[in-house]
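Here is the structure we will look at, set down as structure tokens.
This structure is a prediction, so every number in the text was calculated from the model and none was measured.
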Amino acid sequence: MEWTRGHILGHGSTAAVSIAMSCCFGEIFAVKSAELSQSEFLQKEQKILSALNSPYVVDYKGYDVTRENNKVMFNLMMEYMPDGTLTHEIRRHGGRLNEHLIGYYTKQIVRGLDYLHSKGIVHCDIKGHNILLCKTGAKIADFGCARPVDQAKWNGGTPMFMAPEVARGEEQGFSADVWALGCTIIEMATGGSPWTTANNPASLLYHIAFSGQTPEIPNFLSSQGRDFLSKCLRRDPKQRWSAKQLLNHPFLEESNLYSKANQDLITSSPTSILDQCIWNSENIDDPTQEISLTDLRLQRLRNLELQSGKPDRKLDECWITVRKKCEDLPTCKNGMTAFSTSNEMVRESCNCQDNIFY
């Protein structure tokens, strides 16, 4: 399977996400990559994401192991979400979203959480940066901290969005995701942090864990919006509403009206450069021009970078064609390429006719 890596979309703590395109089919996707020797968390994310299938969770596309610039890389392929993160959406709206839009995105996040929790998965890091947007709305992404609920004693995530019991190191169950959802709603409503009383992570965690306080609920929200938040931000995790209960809250019922009223706008207006006819070339319909399909697809991906406002660079230095290099990699007696990590073995078929990506 051959694909082209484009510019970096963002960095995580252990991996980088790039835009990419299949050289065979021209499909645009996102690829999250880390050096194989440092890819333990990315491999765990791949196992979790590959078992999920929901319109409210970013789609899993596949994975592979490649050699690039003398480095062996583990690559997780995912759906490309052209409208960026929820945090970016808040900034595009001047620092806060109106309540109808908050309800619209919140309902989709809650549906995603309800699905994950029904599968026994705790996300552990719900926040604006981990909610991605496309023309159909919001999807939950970044499962680097996610765990099966019976393994969620390990505490992870972003301090600003941690539930009190997580900050105390006690547990990280489904209700911790609901607390983080409440903090994310405050992020949507105010454009800022759900906590304003601490200046550094250590003091913030102590405050969350032991102060007995909850984030301040914005008083400009409607009574239903404030009540919804109060169900999410209860310090006792046993008293928080579940995602399934939240789906029946009147605050989310009103979001149905907003969704229907804006459906025509969402489906008819281009929401990103992928929805616009930027790929058309004057040379494509000219029979005198001999342009290979590969060149056209590469130009398509290059145009994507130019449209995204990235710094000016020499285009030929920004793109890497990636393919399996079976002949360069060690194989076992059964013809399988094997790479050893600290905790597990990644095995990949050396038969390049087997397309594990599609």
Pairwise distance [atom1]([X]) to [atom2]([Y]) - rounded to 0.5 angstrom:
X: K139; Y: L86; atom1: NZ; atom2: CG; value: 15.0 Å
X: S175; Y: L181; atom1: OG; atom2: CG; value: 12.5 Å
X: E187; Y: I102; atom1: CD; atom2: CD1; value: 10.5 Å
X: L221; Y: T190; atom1: CG; atom2: OG1; value: 9.5 Å
X: R240; Y: R234; atom1: CZ; atom2: CZ; value: 10.5 Å
X: Y105; Y: I185; atom1: OH; atom2: CD1; value: 14.5 Å

Can you give the donor-acceptor pairs under 3.5 Å from side chains of residues 126-134 to other protein atoms, not counting sequence neighbours?
from: K127; atom 1: NZ; to: T158; atom 2: OG1; distance (Å): 2.7
from: N130; atom 1: ND2; to: D125; atom 2: O; distance (Å): 2.8
from: N130; atom 1: ND2; to: D125; atom 2: OD2; distance (Å): 3.2

Report yes if the side chains of [X] and [Y] come closer than 4.5 Å at any heavy-atom pair, otherwise no.
X: F174; Y: S118; value: no
X: M77; Y: D64; value: yes
X: P237; Y: E170; value: no
X: L76; Y: Y60; value: yes
X: W3; Y: V31; value: yes
X: P218; Y: L229; value: yes
X: E27; Y: Y80; value: no
X: S211; Y: R235; value: yes

task: Tell me, with the steps shown, if D227 and F251 meet side-chain contact (heavy atoms from CB on, under 4.5 Å).
output: CA-CA 8 Å; D227 184 72; F251 177 63; over 6 Å; no

Is there a donor-acceptor pair under 3.5 Å between the side chain of [X] and the backbone N or O of [Y]?
X: E45; Y: F143; value: yes
X: R147; Y: G173; value: no
X: H249; Y: Q245; value: no
X: Q108; Y: A138; value: yes
X: W179; Y: M162; value: yes
X: S222; Y: G225; value: yes
X: H123; Y: D142; value: yes
X: D59; Y: N53; value: no
X: R226; Y: F220; value: no

- prompt: Would L246 and D114 satisfy side-chain contact (heavy atoms from CB on, under 4.5 Å), going step by step from the backbone distance to the final call?
  reply: CA-CA 9 Å; L246 291 172; D114 182 48; over 6 Å; no

Does [X], at its [atom1] atom, have more than 12 non-hydrogen atoms belonging to other residues, nucleotides or ligands within less than 6.0 Å?
X: K231; atom1: NZ; result: yes
X: Y206; atom1: OH; result: no
X: E216; atom1: CD; result: no

Audit row: L116, V57, side-chain contact (heavy atoms from CB on, under 4.5 Å) steps and yes/no: CA-CA 9 Å; L116 293 178; V57 174; 4.1 Å; yes

Heavy-atom pair of closest approach, residues [X] and [Y]:
X: G137; Y: M81; answer: O-CE, 4.4 Å
X: G156; Y: V166; answer: O-CG1, 4.4 Å
X: T136; Y: Y104; answer: O-OH, 3.6 Å
X: K135; Y: D83; answer: N-OD2, 3.9 Å
X: P159; Y: I208; answer: O-CD1, 3.3 Å
X: T4; Y: C23; answer: OG1-SG, 3.2 Å

message: Under 4.0 Å between a side-chain nitrogen and a carboxylate oxygen: does that hold for E68 and K71?
response: no

message: If the test is side chain to side chain contact (heavy atoms under 4.5 Å, CB included), which one of Q46, R5, K32 qualifies with N75?
response: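 Only one option passes, and that is R5.
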
task: For the pair E40 and Q43, evaluate side-chain contact (heavy atoms from CB on, under 4.5 Å) and give the outcome as yes or no after the intermediate values.
output: CA-CA 5 Å; E40 177 183 354; Q43 291 179 41; 5.8 Å; no

- prompt: In terms of hydrophobic clustering (I, L, V, M, F, W, Y; side-chain heavy atoms under 4.5 Å; direct or indirect links), are M73 and V65 co-clustered?
  reply: no

message: Under 4.5 Å between side-chain heavy atoms, counting indirect links through other Ile/Leu/Val/Met/Phe/Trp/Tyr residues: same cluster for Y56 and M78 or not?
response: no

